[in-house]
Number of protein chains: 2
Amino acid sequence: MGTKAGKRVTAADVARSLGLSRATVGFVLNGTTEQRISEATRDRVLAEAARLGYRPHTAAQALRRGSSRLILLIIPDWPVDFSVSKCVEEASHTLEEAGYSLVTQTHHPVGTARPLWELLDPEVVVGFAPFTPDDVTAMQGCGVTKIVPGLEPNPSTPDPLGLHDGPRLQVEHLRARGHERLGFAATSDSRVSGLVESRLAAAQEAAAASGLPPLVVRTVDGSPDAAGQAVQDWLRGDVTGVVAYNDDSAARVIGAAIRAGRDVPADLAVIGHDDSPYTALFVPSISSIRIDYAGLGRHLAELALHAATGQPLSGDGVDAATAVVARESTAS
Amino acid sequence: MGTKAGKRVTAADVARSLGLSRATVGFVLNGTTEQRISEATRDRVLAEAARLGYRPHTAAQALRRGSSRLILLIIPDWPVDFSVSKCVEEASHTLEEAGYSLVTQTHHPVGTARPLWELLDPEVVVGFAPFTPDDVTAMQGCGVTKIVPGLEPNPSTPDPLGLHDGPRLQVEHLRARGHERLGFAATSDSRVSGLVESRLAAAQEAAAASGLPPLVVRTVDGSPDAAGQAVQDWLRGDVTGVVAYNDDSAARVIGAAIRAGRDVPADLAVIGHDDSPYTALFVPSISSIRIDYAGLGRHLAELALHAATGQPLSGDGVDAATAVVARESTAS
DNA sequence: TCTCACAGCTAGCACGTGCAAGTGGCCGTG
DNA sequence: CACGGCCACTTGCACGTGCTAGCTGTGAGA
């Protein structure tokens, strides 16, 4: 179909084929309003571009306009990938409508892979979690100036993703089922320590607000019987409900309780966080917190666009759709 | 530190700062062997480039040399993300040594997000699974000519990733534990139907090779009690061991068996596939197949480099490190 | 008929890079 | 001393695009 064999179709090809200048073609294809182009010419150009299968050369555009229109999302190496894809999909979609594209990279702290910001020069780098100072200086050294979150001198929201609601819902759910003394199942995985701290703090806050005593914190992984020990501690302390940092921790608690001959939820009710796909497969099935990943994706996209173009933030939080998914592990 | 304020450092800046021509700087930075450059000048250039913090402009390079040196890996929307990151990390590393960079995108068949190959114009697009004809023509329309796998007119390996060993190991593991009549737990998830077929075929082949009767195939999801029905069918048919398509299917089978008052593995032994992190958390813990994701990543990288540069394939398969992880669900 | 505004188009530069072709100086040889 | 060869470097083009400044033709007004 192409007039030239195997070569890329450029705007010059379209122009030549119509006997017009390349500039005219450029004006039409960019929809420039500075320059008036007659309707007839505009149509001819568009038709011919479509016929030849013209695609703008991204590298040339990036070079000329000095911006790649790329947004890089750094995904931490958390074991929550199953749901991140929803979030990314939604963020991509929102960004596309603004003419930007989203590229993701999973960031391994110990990994040796070169970060993509070195060679895509994205306009904005977005992360789920704040970046380390090292990462920030590395990015700045590569010309990345817009980093979200992590550069605001006076951050209005300490938690840029606004995910406080999950732990609160966990606590309130257990309390509604009659559990007053609660435990918190933490992980020793250092990759997510910040997230654990954040969720624990939110849970403690919710407990205090509900007039409950502070949660008894135990780590449920790391050593072979950490979970068993935690369960024993909790039961001795009359803890009847456990808020788990995530579904993995919840599964560990439940497994240890069953192996200790206890019944879940009769002896110990457990609720996880993130609503991993396998929570429904467990016996007993695990209650959890479903996060609105689509909303989170839109929120991330908005933050990125705000950084890129100064577009104002819509302001509606992302917590709205966070909800408890009640299953057997907290049945009353 | 920069001589100019806030602007990108170009090769011309380095040249000007040294009183040399831009070409000389270019030759040094590219390590061109065509053109001899004195050792002294070379050192001066490198030192000055480092001092000024010079970074080549990727878009300009891509424009000039006509290739982006990017390789796009399309990750299917399978629920196996947890381990893909290992694979990607390793592939990135291998590709970097060859001067290429890896960008990944999760591909949602129903998603509306624009595929990245439209705007990164990657040199090669690699996929875990063969692409659909639609995708292939879309890529070709965007100038992507090198697609792996899926373009070989006479494919020597029907399974480009060479993952036949897993199902064979599952069958042999159950057989070694004394199970002769086996079932196969499939999923109705259409996204992975090709993978299911492939694993089932490999399992049937292994059964035949071991002199076992064909596996009794049942789907264990889709309807609420599909797994319960499957378990009932198997037990009635004297099936004592189940090869599951993946760990999710295995978990469904085990859950259904327990809820039916059966014991796993005494009444029914089950082995999963992929060694998902949660297999160890189940009660009983789930035996599974660990795949060498690092090796798979290197293999993918090799395939990509082969397509990009014609570099020969090393030939050693990726199956070598595939292994059974024996847990409670198949204990004898 | 001449002028002038203006719609509609074109010439051409700049972006930063990779590399082919050219240029000047130095040295060895006849 | 002339000349060729070679080293070390420079000039300059091309990649495809976005966009500014300029150019041409037409019609209206004087």
Side-chain angles (χ1 to χ4, degrees), chain A residues 4 6-46 48-49 52-69 99 118-121 123 142-143, chain B residues 4 6-46 48-49 52-69 99 118-121 123 142-143:
Chain A
K4 308 293 177 185
K7 288 300 297 171
R8 170 171 213 110
V9 179
T10 73
D13 293 330
V14 177
R16 197 176 316 116
S17 158
L18 287 173
L20 287 170
S21 80
R22 215 190 40 71
T24 305
V25 173
F27 288 133
V28 171
L29 294 177
N30 292 318
T32 313
T33 53
E34 284 296 301
Q35 179 60 57
R36 296 215 33 149
I37 301 287
S38 72
E39 199 63 31
T41 307
R42 182 181 305 274
D43 291 347
R44 282 204 306 152
V45 168
L46 291 176
E48 189 67 7
L52 295 180
Y54 168 74
R55 307 236 150 219
H57 193 308
T58 333
Q61 287 183 312
L63 172 60
R64 166 61 227 219
R65 85 162 81 94
S67 120
S68 57
R69 300 244 152 163
E118 289 187 12
L119 28 75
L120 291 181
D121 49 34
E123 218 153 317
C142 296
Chain B
K4 307 293 175 185
K7 289 299 299 170
R8 176 180 263 290
V9 180
T10 74
D13 293 330
V14 177
R16 198 177 315 118
S17 158
L18 287 172
L20 287 170
S21 81
R22 215 191 40 72
T24 306
V25 173
F27 289 132
V28 171
L29 294 177
N30 292 317
T32 312
T33 52
E34 284 296 300
Q35 180 60 55
R36 296 217 31 149
I37 301 287
S38 72
E39 199 64 32
T41 306
R42 181 181 306 273
D43 291 348
R44 282 203 307 151
V45 168
L46 291 175
E48 189 68 5
L52 294 180
Y54 168 74
R55 306 237 151 220
H57 192 306
T58 333
Q61 287 183 312
L63 173 60
R64 167 60 229 221
R65 86 161 81 93
S67 118
S68 57
R69 301 241 152 168
E118 288 188 13
L119 29 75
L120 291 180
D121 49 35
E123 216 153 319
C142 295

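Numbers restart at 1 for each chain; the letters A, B, ... are given by sequence-line order, proteins then strands.
- Here C:dA11 is the nucleotide among D:dC15, C:dC19, C:dA11 with the atom lying nearest to any side-chain atom of A:A23.
- In this entry the distance linking CZ of A:R55 with P of D:dT17 reads 13 Å, nearest Å.
- Listed by residue number, B:Q35, B:R36, B:I37, B:S38, B:T41 are the residues of residues 29-43 of chain B with a heavy-atom contact under 4.0 Å to DNA chain D.
- Here the straight-line distance linking atom CD of A:E39 with atom CZ of A:R44 works out to 13.0 Å at 0.5 Å rounding.
- In terms of position along DNA chain C, the nucleotide closest to B:P56 lies nearer the 5' end than the nucleotide closest to the other residue of the pair B:F27 and B:P56.
- Here the closest heavy-atom approach between residue B:A60 and residue A:L63 is recorded as CB-CD1, 3.9 Å.
- Along DNA chain D, the nucleotide nearest B:R44 and the nucleotide nearest A:G26 are compared for position; the residue whose nucleotide lies closer to the 5' end is B:R44.
- Between the side chain of B:R22 and the base of C:dG18 there is at least one donor-acceptor pair of N/O atoms closer than 3.5 Å.
- Heavy-atom nearest nucleotides on DNA chain D were determined for B:R64 and for B:L20, and the one closer to the 5' end corresponds to B:L20.
- When every heavy atom of A:Y54 is checked against every heavy atom of A:V9, the shortest pair comes out as CD1-O, 3.3 Å.
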Between A:V14 and A:L20, is the side-chain contact (heavy atoms from CB on, under 4.5 Å) condition met? List the steps.
CA-CA 8 Å; A:V14 177; A:L20 287 170; over 6 Å; no
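- Judged purely by atom type and a 3.5 angstrom limit, A:S21 uses its side chain to pair as donor or acceptor with the backbone of A:T24.
- A salt bridge links B:R8 to A:D121: at least one charged side-chain nitrogen sits closer than 4.0 Å to a carboxylate oxygen.
- Neither OP1 nor OP2 of C:dG16 sits under 4.0 Å from any side-chain N or O of B:T10.
- For the pair B:Q61 CD and C:dG18 P, the computed distance is 5 Å after rounding to whole Å.
- The shortest distance between the side-chain N/O atoms of A:T24 and the OP1/OP2 oxygens of C:dT10 is below 4.0 Å.
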